[in-house]
Amino acid sequence: MAQQPKHGDGSFNLLYKIADNTYDISQVGGGATGATGATGASVTGATGATGTAGINGSTGATGTQGDVGATGLTGATGIGYVLTSNDSIAIGTGVKIFNVSRQPENIAFNVGNRVRISNTSTNWMEGNITSFISSSAFTINATLTQGSGTYSTWNIDIAGVQGSTGATGIGTTGATGLVGATGLTGQSATFYNYQADTTQTTGVPTTGHLFWNNASQVASTSVTLSHIDALGNDIDVFFPLFKTGDTFIIQDQSDSNNFQTWEINATPTITLNSYISIPATLVTSGGTGTTGFANNRQLIFAIVTSGLTGATGLEGATGIQGPTPWELPAAEYNNGVSYNLGAAVTYLGGYYYRTGNPLNPGFAPTPGSISASWTPVADGGATGVSGDVGATGIQGEVGATGLEGATGITGDTGATGLTGATGIEGGTGATGVQGEVGSTGATGVAGIDGATGATGTGATGATGVMGATGTAGVNGATGATGPAANTSTFVQKTGDTMTGKLNLPASTASLAPLNLGNGTAPTSPLPGDLFFDGNLRYRDNASTTRSVAAINKVNVFTDYQTITTTNSTNPALLVTQNGNGGGVKIVNTIGSGESLRIEDDSPETTPFVVSATGRVGIGVNPDATVAISVDTTGVKFGDGTIQTTAATGSGTVTSVTGTSPIASSGGATPAISIANAAADGATKGAAAFNSSDFNATAGVVSIDYTTGQAASASAKGFLTSADWTTFNSKGVGTVTSVSATAPLTSTGGATPVISTSMASQKLLGRGALGVGTAEEISIGTGLSLNIGTLSNVGVLSDTTAAQGGTQLLNMVQITQAVYNGILTPTANTLYIIVG
């Protein structure tokens with residue numbers, strides 16, 4: 001058998017035939033790969049058992065009720081009636097808005113108070129506060145001014161109510177006045193507070209809101225208002241007064257430069273007790289009134305009503321006016337009756353006629369009442385002092401008796417006019433000279449009696465000269481008896497005292513039987529006085545003014561309150577909260593006094609106190625450095641244990657549990673243990689430290705760099721100082737020249753070109769055994785290297801007899817399929833099967 005060829009690189013299966021013998025050698029090349037070793041076993045340690053959970057301790061009993069604390073200190077004196085404002089406002093009458101220096105809860109003003117707003121002693125305005133429109137602003141209706149100009153520095157103080165008009169003086173009646181010119185068209189303006197609603201353009205507005213029927217407000221054709229304004233006022237009764245031709249203004253409550261002015265162009269649509277929809281045309285706008293008010297913006301809605309053209313002024317009357325034309329005395333005012341415009345009543349001794357709020361009862365006829373519903377009527381005045389009797393004139397001669405005239409037809413008795421109050425009686429004039437008695441003239445025919453006119457109260461003229469006595473006429477028939485005089489006695493306006501009981505009708509949903517009127521507190525009220533100045537107040541027998549607290553609303557007390565009771569079963573103060581707002585809240589925002597003090601006797605030596613800073617003292621005064629302080633009696637727990645010091649409390653342990661990595665065996669005498677930690681980043685527990693790698697001092701563990709393991713060629717560890725010196729001594733700098741060893745060449749310098757320089761017909765490789773540098777390898781016999789390609793030139797095997805082999809003549813690269821089709825392979829041919 002022929003010798004098999006030497007192994008090659010194993011990348012081909014080699015077939016060769018020598019003489020008649022053919023060999024198929026598989027994977028000619030290096031030795032076979034050894035078998036893969038078995039995988040080592042990995043054993044995971046068992047997880048330790050979880051300790052038994054301990055029993056939870058029982059809840060401690062509630063502590064005993066603390067003693068009642070002492071009465072709190074008297075509150076600080078409230079802030080008075082002094083404010084300032086920096087709004088730029090012109091002096092004048094009408095509605096003015098002022099932003100003030102403090103919040104309403106910190107001032108003593110109320111709606112209805114009369115105030116003086118002054119820049120100097122000669123430049124000021126006076127009027128009543130009509131509303132608080134924000135947290136620091138209110139409106140007044142200025143009715144009295146002095147000076148002029150626009151100012152931005154104002155002092156606001158309480159002002160006295162303007163006195164009533166004095167009595168008319170007595171004097172000579174002037175000449176008849178000229179006929180007055182026709183009056184100009186009157187106007188009135190009223191405003192209400194609303195908020196803008198930009199989320200809807202149709203439907204029913206929400207309470208306190210108005211909306212436009214177009215998202216672009218200035219392009220709208222109608223504006224819709226809720227019947228409840230932003231202050232909670234129901235203005236439904238005023239909606240019918242809005243009419244075509246009226247103007248209304250929608251203005252930013254805090255900036256008059258932002259506004260819209262509209263004119264009503266058709267009859268508004270009113271849904272009673274709900275809303276009014278006003279068809280209107282935009283007249284002008286400014287600021288955010290043009291670009292659109294923001295949602296929920298605070299607004300003022302002012303309606304400017306065009307009044308009817310005033311009638312031509314009446315011709316001035318001659319002389320002093322007689323008694324009022326009203327049918328007086330009229331019926332006593334009844335709060336349950338709806339009075340029409342022009343109705344006349346008596347009230348508190350005065351006469352009034354209806355000028356506003358038709359068909360709306362509830363406003364007593366008092367000057368200055370709400371919306372000026374009633375106007376007092378001037379009467380004839382009290383009876384004047386009688387003038388001196390004039391001197392008796394000269395007696396004239398007695399005239400001849402005239403003929404008796406025929407009896408005239410008796411006229412109807414005229415209605416008796418109302419008797420005017422007697423004016424002040426003038427002094428008695430001097431008695432005139434007695435005139436001569438003239439002759440008696442003939443008695444004329446008696447005419448038909450006319451209706452008796454109202455008696456004027458003119459000044460008493462001087463007594464004229466008595467004329468001659470005429471002939472007496474025939475007596476006419478006696479007229480019918482007129483109605484009996486009204487002898488009722490009325491309570492006058494001022495000073496009268498009712499001697500009987502005053503009965504008022506029962507209140508209803510639309511009627512309050514008594515209205516005191518919203519005014520200013522009297523300067524010197526008397527015991528028993530009752531008045532309303534924004535709050536209902538009365539004067540007690542101790543000459544102290546008291547306020548009546550209201551239920552179902554927030555009451556603000558500006559002075560301390562005292563509750564004294566002798567009830568032995570119920571507490572002096574009981575607070576029950578049926579909602580979610582909490583129980584009792586005490587806020588101390590001003591002084592440094594105690595927020596709460598509870599005492600059960602006076603003086604109290606063991607009070608319950610909460611300081612102004614929230615510190616609590618039980619039996620002792622609070623300590624400013626701790627949250628709670630208790631006296632030396634200590635604290636008693638629900639199990640009867642009393643703790644008086646900070647010593648460890650006593651008790652019985654019934655069960656102890658542990659949380660991983662701490663474990664407990666449970667029960668009252670547990671065994672506590674801790675699991676070992678694992679270096680897996682998750683298993684916590686106890687661990688020991690190698691003393692050569694770590695230091696441990698006072699619970700602090702640190703790496704031991706001194707005795708720790710140093711790194712070597714075969715072991716990981718720390719870098720030693722010697723290693724550091726080695727690395728630190730490595731050169732650092734700039735390459736200035738690079739050389740090369742054959743077969744590589746270098747051009748030298750800092751930027752060399754590296755290349756190879758080899759002889760022709762050479763390969764680069766390693767001919768010698770072992771690791772070393774690359775070498776030039778010569779091309780042997782039978783091979784040819786041409787332009788990078790190494791090829792066979794026919795010398796296929798060694799021809800040296802010493803090798804003991806046979807020379808190969810051919811080398812063929814062939815696929816397995818083609819090779820299988822060869823019946824007789826060619827002798828001395830090496831077949832290289834590639835597929």
Side-chain angles (χ1 to χ4, degrees), residues 87-90 92-97 130-131 133 137 139 141-142 150 182-205 208-231 233 235-271 275-310:
D87 291 319
S88 180
I89 295 178
T93 59
V95 175
K96 308 289 183 181
I97 300 177
T130 56
S131 68
I133 61 176
T139 61
N141 183 23
T150 299
T182 301
L184 298 176
T185 301
Q187 291 187 330
S188 66
T190 304
F191 77 89
Y192 308 97
N193 296 281
Y194 278 91
Q195 289 181 280
D197 185 349
T198 62
T199 63
Q200 67 178 115
T201 55
T202 60
V204 178
H209 287 80
L210 61 81
F211 65 78
W212 299 259
N213 70 340
N214 194 308
S216 174
Q217 296 172 9
V218 294
S220 300
T221 57
S222 70
V223 178
T224 303
L225 289 72
S226 169
H227 75 113
I228 303 294
D229 70 5
L231 299 181
N233 300 312
I235 63 171
D236 194 78
V237 70
F238 300 109
F239 285 165
L241 302 179
F242 296 3
K243 63 183 182 299
T244 302
D246 286 353
T247 298
F248 63 87
I249 299 171
I250 302 175
Q251 178 200 303
D252 189 319
Q253 195 176 87
S254 60
D255 191 346
S256 61
N257 293 313
N258 303 324
F259 69 94
Q260 298 169 357
T261 302
W262 302 79
E263 181 177 342
I264 301 177
N265 56 28
T267 302
T269 300
I270 301 173
T271 300
Y275 67 91
I276 181 172
S277 182
I278 309 172
T281 302
L282 182 71
V283 177
T284 184
S285 63
T288 55
T290 301
T291 57
F293 294 113
N295 191 44
N296 288 327
R297 186 66 180 171
Q298 297 286 347
L299 304 174
I300 292 175
F301 178 91
I303 182 73
V304 181
T305 303
S306 299
L308 300 174
T309 302

Margin query: Within the 3.5 Å criterion, strictly below it, is a donor on Thr221 or Asn213 matched to an acceptor on the partner's side chain?
Written below: yes
Margin query: For the CD atom of Gln251 and the OG1 atom of Thr261, what is their distance to the nearest 0.5 Å?
Written below: 9.0 Å
Check: Hey, does Phe293 have a side-chain heavy atom less than 4.5 Å from the side chain of Trp212?
Finding: yes
Note to self: Quick one: does any side-chain atom of Gln200 pair with a main-chain N or O of Thr202 as donor and acceptor, under 3.5 Å?
What the structure shows: yes
Next item on the list: Would you confirm whether Gln260, through its side chain, and Gly289, through its main-chain N or O, come within 3.5 Å as a donor-acceptor pair?
Entry: yes
Margin query: Phe259: which residues meet the ring-ring contact (aromatic ring centres under 6.0 Å, His included) condition with it, sequence neighbours left out?
Written below: none
Next item on the list: Look only at the side chain of Asn233 and the backbone of Ile235, and say whether a donor-acceptor pair between them is shorter than 3.5 Å.
Entry: no
Notebook entry, point to check: What closest approach, in Å, do Ala266 and Pro279 show between heavy atoms, and which atom pair accounts for it?
Noted result: O-CG, 3.5 Å
Checklist line | Within-4.5 Å side-chain heavy-atom neighbours: Gln217 and Thr198 | finding: yes
Note to self: If you define the side chain from C-beta out and look only at heavy atoms, does anything of Phe301 sit under 4.5 Å from Ile278?
What the structure shows: yes
Next item on the list: Check whether any side-chain heavy atom of Thr288 sits under 4.5 Å from a side-chain heavy atom of Asp255, and report yes or no.
Entry: no
Next item on the list: Using the side chain to side chain donor-acceptor pair (under 3.5 Å) rule, pick out the option among Thr139, Asn193, Asn258 that qualifies with Gln253.
Entry: Asn193
Margin query: If we count only N and O atoms by modelled type, under 3.5 Å, do the side chains of Asn141 and Thr130 hold a donor and an acceptor together?
Written below: no
Notebook entry, point to check: Is there a side-chain contact between Ser226 and His209 (heavy atoms, below 4.5 Å)?
Noted result: no
